[in-house]
Amino acid sequence: MRLSGKFAVVTGGSSGIGFAIAKAYVREGAEVGVVGSNPDRLESALASLGSGASAISADLATEEGVKTVIDAIAAAHRTIDTLVNNAGRTFLAPFETVERADYEALMALNVTAPYFLTQGLLPHMRVPGASVINLSSYFADKNIPGRPSSPYSISKGAMDALTKTLAFELGPRGIRVNAIAPGTTQTQMRRNTVENLPPDEREALERYVEASYPLGRIGKPEDFAGLAIHLASEEAAWTSGAVIAVDGGYTCG
């Protein structure tokens, strides 16, 4: 097992891509601290993950939530081998309709939370050898007709920049920082977003997305687990500052 004896913190780990990564980490021998804001989903995730997992209930969109996670790790005297900054939300709306409150809520979870959570957990990371894995998105570099995404794209572009700057700054300490940039993935968050579209736009979007992927389908949460294991393991000992697309070839075109 490639992660035997390691401890990982996975934010947004009770569902979607985060849960798939947490599940893969437990399977590879790691202990996992799953961070989530929904108590019911956390309880369900722990029941599925078994004895190799623990939960931290916190709303990372708030300063108090970030502090809750940092304090919990400090109180447990845990040394972190891997931090996966996965928690985030999508907000798609035409540029001229975006409200400041929606913009700031998105940035709080997608940008501010990973920034200050990583900063706060830095003293608890195994040095050298710790790995930070950020979840970015193809939206940082590519746009889709009918899906106006300026706030979300900005947030994921910021995640790419954070990945590269932290890789440069923390590298001398022996801490690796990389990002996974998923393509369209079948998660509840995506379903919620698509269901809010008018029926004709929803159908057009589904046709466009599925026809645009060279591998002929959109992603599943499990499609990212293998790379997340690799980046957390010694196999990636010289990989840092990379933003790796996992998108079925979508961004090749």
Side-chain angles (χ1 to χ4, degrees), residues 3 6-14 17-18 21-22 25 30-37 54-89 104-137 140 152 154-182 224 227-233 236-237 239-244:
L3 303 181
K6 294 183 180 292
F7 176 63
V9 173
V10 181
T11 71
S14 61
I17 293 172
I21 291 174
Y25 281 2
E31 292 183 69
V32 180
V34 177
V35 180
S37 60
S54 56
I56 303 174
S57 180
D59 179 3
L60 293 178
T62 68
E63 184 177 356
E64 294 77 12
V66 172
K67 186 175 185 299
T68 293
V69 178
I70 296 168
D71 289 348
I73 296 299
H77 303 288
R78 299 306 307 257
T79 299
I80 298 171
D81 295 279
T82 299
L83 169 62
V84 180
N85 286 311
N86 167 74
R89 65 186 290 259
E104 291 180 349
L106 183 86
M107 294 300 166
L109 185 57
N110 289 16
V111 180
T112 306
Y115 187 98
F116 285 104
L117 184 64
T118 304
Q119 182 192 76
L121 292 179
L122 199 59
H124 307 288
M125 290 185 188
R126 191 178 300 279
V127 178
S131 173
V132 177
I133 303 171
N134 296 323
L135 267 292
S136 181
S137 170
Y152 185 66
I154 290 168
S155 75
K156 292 307 179 179
M159 186 62 88
D160 289 356
L162 179 64
T163 297
K164 294 177 183 295
T165 56
L166 289 188
F168 189 83
E169 188 170 343
L170 301 182
R173 307 187 197 189
I175 298 174
R176 297 178 293 109
V177 186
N178 295 285
I180 299 172
F224 309 94
L227 179 57
I229 292 169
H230 172 72
L231 292 175
S233 74
T239 302
S240 193
V243 178
I244 304 171

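Computed from a predicted structure; not experimentally measured. When a residue number appears, it is its place in the shown sequence, counting from 1.
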Fill in: E169, CD: over 12 other non-hydrogen atoms inside 6.0 angstrom
no
Item to complete: Please answer whether the main-chain N or O of R89 pairs with a side-chain N or O of N110 as donor and acceptor at a distance below 3.5 Å.
Response: yes
Worksheet item: What's the spacing between S233 OG and L3 CG if we round to 0.5 Å?
Response: 6.5 Å
Worksheet item: Cut-off 3.5 Å, side chains only: do T239 and N178 have a donor facing an acceptor?
Response: no
Discussion item. Using every non-hydrogen atom in the two residues, find where A167 and S240 come nearest and quote the distance to one decimal.
Written reply: CB-OG, 3.4 Å
Practice prompt. Please examine the side chains of L122 and L170, heavy atoms only from C-beta on, and report whether any two atoms are closer than 4.5 Å.
Written response: yes
Worksheet entry | Min side-chain heavy-atom separation T163-S136 under 4.5 Å | no
Worksheet item: Would you say N86's side chain and T11's backbone share a donor-acceptor pair under 3.5 angstrom?
Response: yes
Worksheet entry | Worked verdict on V132 versus L166 for side-chain contact (heavy atoms from CB on, under 4.5 Å) | CA-CA 9 Å; V132 177; L166 289 188; 5.6 Å; no
Worksheet item: Looking only at heavy atoms, which two atoms of G157 and A140 are closest? And how far apart?
Response: N-CB, 3.7 Å
Worksheet item: Okay, side chain of Y25, backbone of A228: is any donor-acceptor separation there less than 3.5 Å?
Response: yes
Worksheet, complete the sentence: Output for pair (L109 CG, T62 OG1), nearest 0.5 Å, gives 9.5 Å
Practice prompt. For G65 and A58, work out which heavy atoms get closest and say how close.
Written response: O-CB, 3.5 Å
Practice prompt. Enter the distance from N85:CG to T118:OG1 here, rounded to the nearest 0.5 Å.
Written response: 4.0 Å
Worksheet item: Do the side chains of V243 and K164 get nearer than 4.5 Å, heavy atoms only?
Response: yes
Worksheet item: Where do A236 and H230 come nearest, in terms of heavy atoms and distance?
Response: CB-O, 3.3 Å
Practice prompt. Apply side-chain contact (heavy atoms from CB on, under 4.5 Å) to L162 and V111, showing your working.
Written response: CA-CA 9 Å; L162 179 64; V111 180; over 6 Å; no
Worksheet, complete the sentence: When every non-hydrogen atom of A108 is compared with those of A61, the smallest separation belongs to CB-O, 3.5 Å
Practice prompt. Please report the closest heavy-atom contact between H124 and G120, naming both atoms and the distance.
Written response: CD2-O, 3.9 Å
Practice prompt. For atom CD of E63, decide whether the heavy atoms of other residues, nucleotides or ligands shown that lie under 6.0 angstrom number more than 12.
Written response: no
Discussion item. With rounding to the nearest 0.5 angstrom, report the CG to CD1 distance, L135 to I133.
Written reply: 8.5 Å
Worksheet item: Can you tell me if K6 uses its side chain to pair, donor with acceptor, with the backbone of V32 under 3.5 Å?
Response: no
Worksheet item: Is any side-chain heavy atom of I180 closer than 4.5 Å to a side-chain heavy atom of L231?
Response: yes
Worksheet item: Within the side chain of R78, is there an N or O that forms a donor-acceptor pair under 3.5 Å with the backbone of F7?
Response: no
Worksheet item: Can you tell me how far CD1 of I175 sits from OG1 of T82, rounded to the nearest 0.5 angstrom?
Response: 11.0 Å
Worksheet, complete the sentence: CG (L60) and CG (L117) are apart, to the nearest 0.5 Å, by 6.0 Å
Worksheet item: Can you check whether M107's main-chain N or O pairs, donor with acceptor, with S155's side chain at less than 3.5 Å?
Response: no
